[in-house]
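Before any comments, here is the structure.
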Amino acid sequence: MTAVDLNSDLGEGFGRWTLGDDAAMLVVVSSANVACGFHAGDPASIRRTVRLAAARGVAVGAHVGYRDLAGFGRRRIEVPSDELQADVAYQVGALQALAAAEGTRVTYVKPHGALYNTAAVDERVAADVAAAVADVDPSLALLGLPGSRSLAAAEAAGLRTVAEAFADRAYTPAGTLVPRREPGAVLDDPDEVARRVLRLVTEGVVEAADGSLVAVPADSVCVHGDTPGAVVMARRVREVLDAAGVAVRPFAAAAGAAGGAAAPAGSGSGAGAGA
């Protein structure tokens with residue numbers, strides 16, 4: 001049976017300000033990229049999201065980012081290697097503590113926003129992120145774009161690498177994401193997105209912005225939790241995958257779930273290992 005992981009960025013509220021519907025998304029996805037307080041999230045709201053994930057058998061990942069609450073982590077910041085490594089380790093450790101308090105554990109790391117995009121192309125930043133993760137827990141997996149410097153650096157550091165695709169983002173003919181500032185970069189038709197995800201999972205290709213087909217190897221697909229209509233879109237993706245007989249399960253087994261978690265999807269090093 002074909003299987004895939006669905007991941008979503010969650011825990012991104014702050015204090016009395018709520019972003020997205022974590023409870024609804026956790027019914028749909030199999031992995032939760034939980035904010036760690038630097039780009040979004042406060043300890044109490046982060047812990048609530050982890051608690052919900054544990055109850056649903058959803059794998060918990062650390063969504064680490066630049067220290068940029070005002071910019072939601074989407075502004076690139078020049079940070080020296082020693083500081084960046086400490087920042088990443090700090091965020092992972094904080095989420096590990098909250099996960100332990102809720103009877104679950106962190107199983108992977110996914111950089112957020114500008115850190116994700118920078119690590120994908122910048123060898124130094126990619127190496128810093130990988131080194132920090134390996135120092136904290138070398139059993140953690142790193143989630144990133146297939147063929148990116150971030151996955152290459154993680155592999156070199158001895159980490160398991162898992163390639164991901166994006167359900168609601170447009171792709172260039174080169175297989176990269178269309179920048180958010182360009183028209184059509186974010187897709188908003190649930191039926192179109194669901195069809196694209198099914199084709200990606202079953203055929204390994206997506207239709208690029210120019211109509212050409214581009215290969216995108218991925219063991220996990222991100223459905224964003226903070227965009228308008230995110231829950232409706234995620235539910236439609238899940239419905240189409242379920243109808244096609246595609247199993248949705250975490251690539252890294254969750255812990256502490258009521259009733260237990262499904263077996264991991266994908267292979268040992270993930271489809272994105274190697275550049």
Side-chain angles (χ1 to χ4, degrees), residues 1-10 29-34 36 53 57-65 88 91-92 95-96 99 104-113 115-117 119-121 125-127 129-134 136-167 169 171 175-177 197 200-202 204-206 215-225 237 241 246-255 261-275:
M1 176 185 290
T2 301
V4 71
D5 172 69
L6 292 181
N7 75 77
S8 189
D9 304 343
L10 303 175
V29 302
S30 46
S31 293
N33 317 317
V34 182
C36 300
V58 174
V60 173
H63 204 28
V64 300
V88 171
Q91 292 175 80
V92 175
L95 189 63
Q96 285 179 322
T104 188
R105 62 188 177 90
V106 176
T107 56
Y108 68 95
V109 174
K110 175 183 172 180
H112 165 81
L115 183 58
Y116 184 98
N117 294 332
V121 298
V125 172
V129 172
V133 174
V136 172
D137 184 352
S139 74
L140 294 172
L142 189 85
L143 192 61
L145 289 176
S148 63
R149 290 190 180 274
S150 59
L151 291 192
E155 188 175 56
L159 299 173
R160 178 188 174 197
T161 59
V162 179
E164 74 166 338
F166 288 82
R169 292 293 303 277
Y171 280 80
T176 59
L177 298 177
V197 171
L200 170 72
V201 173
T202 57
V205 298
V206 295
V216 180
D219 282 333
S220 184
V221 178
C222 178
V223 286
H224 282 109
V237 169
L241 292 176
V246 176
V248 175
R249 59 195 187 201
F251 61 81
S267 58
S269 60

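Count residues from 1 along the sequence.
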Taking atom types as modelled, find out whether Ser31 and Asn7 have a side-chain donor-acceptor pair closer than 3.5 angstrom.
-> no
Contact check, side chains of Thr107 and Phe251, non-hydrogen atoms, under 4.5 Å | no
Those residues at least two apart in sequence (or on a different chain) that pass ring-ring contact (aromatic ring centres under 6.0 Å, His included) with Tyr116 are Phe166
Separation between CG of Leu115 and CD of Gln91, rounded to the nearest 0.5 Å | 8.0 Å
When rounded to the nearest 0.5 angstrom, what distance separates OG1 in Thr161 from CG in Leu142?
-> 8.0 Å
Can you tell which of Val4, Asp219, Leu6 makes a side-chain contact (heavy atoms from CB on, under 4.5 Å) with Val201?
-> Val4
Heavy atoms of Leu145 and Glu164 approach each other most closely as CD2-O, 4.1 Å
What closest approach, in Å, do Val58 and Ala32 show between heavy atoms, and which atom pair accounts for it?
-> CG1-N, 3.6 Å
When every non-hydrogen atom of Ser8 is compared with those of Val29, the smallest separation belongs to CB-CG1, 3.9 Å
Please round to the nearest 0.5 Å and tell me the distance separating atom CG of Asp9 and atom NZ of Lys110.
-> 4.5 Å
How close do Leu143 and Leu151 get, heavy atom to heavy atom, and via which atoms?
-> C-CD2, 4.2 Å
Heavy-atom nearest pair, Ala167 first then Val223, reads CB-CG1, 3.6 Å
Distance-minimising heavy-atom pair for Val34 and Val60 = CG2-CG1, 4.1 Å
Residues two or more places apart in sequence or in another chain: which of them pass side-chain hydrogen bond (donor to acceptor under 3.5 Å, both in side chains) with Ser139?
-> Asp137
Tyr171 meets the ring-ring contact (aromatic ring centres under 6.0 Å, His included) criterion, sequence neighbours left out, with none
